[in-house]
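To start, the structure itself, in C-alpha cells.
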Amino acid sequence: YGLGSCLDQSLDQVIWPAVQKENLDGFIFLGDNVYGDSPDGKLYKMKKAYEIQKTKLPKWLMEDKEILAIWDDHDFGLNDGGNNYINKDEAKKIFLNFWDIAEIDPRNSREGLYFKKKKYIDETEIEIIALDTRYFRSKLNGKKNAYRPNIDPKATILGTAQWNWFESSIANTNANIIIVLSSIQVLATDHPYEKWANFPLERSKLIKILSNESQNKTIIVVSGDRHRSGIYQNNHFVEITASSLNKPGSKNQETDPFLINQTFSEINYGILDIQPKQNRITVSIHNQKGQELNSMIINI
C-alpha cells in the first residue's frame, strides 16, 4: 500500500509519477485529502475542493487501485475541529460521495467515518482498522499550535460507540497483522500540535490495548496530518507518519523520544509492504523522486 496525507487541490501534485512506479496494490489516504475547510465552518469551499481534486487525482490510481480513506480536519470542515462542529454530517456525506463508498457500507448508517477491512496476503489474514479522530473528539485545551493536555476523564477522541467498536474489533479478530489508521499521531509527544497526547487518558487507553494485542499479533499504526513524515516506535509497535503529498512542512528539526532517525518535511509518501512469506513488513518513506528517506523492517 502507498500511504499519504495533506493533499492540497490548489497546488501541483508532482508526487504521482514516483508513486506510480512503485506498482502498488492500493493507496491509503490518511486525511486532509482536500483542503476544503473555512473559518466559518460552511462547506461551499469543500464542495469546490473535491471538484478540483477529482480532476487532479490520476486515473491509474482511482480506477485501477484499491483506495482506502479517512479524514482529518481540512476535509472534516473546520481547522482542528471536533465533535461540536455543526456541519460534520453534511461534510461526511460529501466525503462518502467523493470516495464512492457503497450504500451498504456501515459508514452510511452510523455516526462517524470509522471502518474496518479484512485482507488476505499469502493466505495470512490482515485487519485494517480505520479510526475517526474528528467526529467525536472533545475540545482541545490551549491555543492553536500550543495545545495542552486535556486530562478531563470525560474528554474523548473516539467517543463511546467508536471505542466499543474498536475494542470489540481488536478482541475478536483472527488476523495476525493489524494495521490501525489514525489521522493524528499516536506515539509522538513532544510537538505542540494536534496529537493523541493532547488527551493523555485516551492515548494511554489506546496504547495499552495495542500493546496487549502485540503479544501475539503484529501491530502497525499509520498516521498523517503533520506535513512531515517519520517512523516511531515504542516497546510494542511501530507507527509510520506519511505527510505531506504536496504541502511540505517547515524545515525546523523535530525530536521525540519515540522517533527513529528524524522527521522529513519535504514532499513525501509512505509504503507499507506486507510480506507474510518472508515473515516481515517493511515501512518506508520516499521523496517525490521515489528515493527512500527512511525505512524499518518489522518481523511478523
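- Between the side chain of H227 and the backbone N or O of K247, at least one donor-acceptor pair lies under 3.5 Å.
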CA sep, side-chain torsions, deciding dist, call: I240, I285, side chain to side chain contact (heavy atoms under 4.5 Å, CB included): CA-CA 8 Å; I240 177 171; I285 297 161; 4.0 Å; yes

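- Screening R203, H191, E239 for a side chain to side chain donor-acceptor pair (under 3.5 Å) with Q185, the sole residue that qualifies is H191.
- Paired with R134 under the rule salt bridge (Lys or Arg N to Asp or Glu O under 4.0 Å), one option of D72, D75, D32 passes, and it is D72.
- Within the model, atoms NZ of K195 and CG of L187 stand 13.0 Å from one another, a figure rounded to the nearest 0.5 Å.
- When the options L7, D80, D37 are evaluated for a side chain to side chain contact (heavy atoms under 4.5 Å, CB included) with H74, the one that passes is D37.
- Atoms CG and NZ, on L43 and K48 in that order, are 15.5 Å from each other to the nearest 0.5 Å.
- The heavy-atom pair separating W163 from I209 by the smallest distance is CZ3-CD1, 3.8 Å.
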Intermediate values then yes/no, ring pair (Phe, Tyr, Trp, His ring centres under 6.0 Å), Y147 and Y193: CA-CA 6 Å; Y147 291 123; Y193 312 108; 8.5 Å; no

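- Across I267 and I15, no two heavy atoms sit closer than the pair CG2-CD1, 3.4 Å.
- F27 and Y1 have their aromatic ring centers separated by at least 6.0 angstrom.
- Between K205 and E167, the closest side-chain pair of non-hydrogen atoms falls below 4.5 Å.
- A salt bridge links E66 with K119: at least one charged nitrogen is closer than 4.0 Å to a carboxylate oxygen.
- The minimum heavy-atom distance linking F136 with E111 is given by the pair CZ-O, 3.5 Å.
- For D12, the CG atom sits in a loose shell: 12 or fewer heavy atoms of surrounding residues, nucleotides or ligands are nearer than 6.0 Å.
- Rounded to the nearest 0.5 Å, atoms CD (E127) and CG (N172) are 10.0 Å apart.
- In this structure, R107 contributes its side chain and Y114 its backbone to no donor-acceptor pair below 3.5 Å.
- Residues passing the side chain to side chain donor-acceptor pair (under 3.5 Å) test with S138, sequence neighbours excluded: none.
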Test S243 against S229 for side chain to side chain donor-acceptor pair (under 3.5 Å), laying out the working first. CA-CA 5 Å; S243 177; S229 61; over 6 Å; no

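- Between K47 and E90 there is a salt bridge, since at least one side-chain N of the basic residue sits less than 4.0 Å from a carboxylate O of the acidic one.
- Contacts of N87 classified as side chain to side chain donor-acceptor pair (under 3.5 Å), with partners at least two apart in sequence or in another chain: none.
- The two atoms that bring S295 and S284 nearest to each other are CB-CB, 3.7 Å, heavy atoms only.
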Y50 and I94: side chain to side chain contact (heavy atoms under 4.5 Å, CB included), yes or no, with the steps? CA-CA 9 Å; Y50 277 118; I94 299 170; 3.4 Å; yes

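- For the pair K277/T124, no side-chain contact is recorded, criterion being any heavy-atom separation below 4.5 Å from C-beta on.
- Take N252 and apply the side chain to side chain donor-acceptor pair (under 3.5 Å) test, not counting sequence neighbours, and it matches R228, S250.
- Pairing each heavy atom of S38 with each of K42, the nearest pair is OG-O, 2.9 Å.
- Counting heavy atoms from C-beta outward, E22 and I271 have side chains that approach closer than 4.5 Å.
- Tracing side-chain contacts under 4.5 Å through hydrophobic residues (I, L, V, M, F, W, Y), one reaches F166 starting from W196; they form part of the same cluster.
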Evaluate the criterion side chain to side chain contact (heavy atoms under 4.5 Å, CB included) for residue pair E194 and D73; output intermediate values, then yes/no. CA-CA 10 Å; E194 286 199 276; D73 53 340; 3.9 Å; yes

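- For the atom pair OG1 of T241 and CG of L259, the computed distance is 9.0 Å after rounding to the nearest 0.5 Å.
- No chain of hydrophobic side-chain contacts below 4.5 Å, direct or via other Ile, Leu, Val, Met, Phe, Trp or Tyr residues, connects L181 to F95.
- Between the CZ atom of F258 and the OG1 atom of T189 there is a distance of 5.5 Å, given to the nearest 0.5 Å.
- Separation of atoms CZ (F237) and CD1 (I220) is listed at 11.0 Å; rounding is to 0.5 Å.
- Between L113 and the choices I101, I70, L96, the side chain to side chain contact (heavy atoms under 4.5 Å, CB included) rule is met once, by L96.
- In this structure, the side chain of S182 does not engage the main chain of A130 through any donor-acceptor pair within 3.5 Å.
- With salt bridges taken as basic N to acidic carboxylate O contacts below 4.0 Å, none links R137 and E202.
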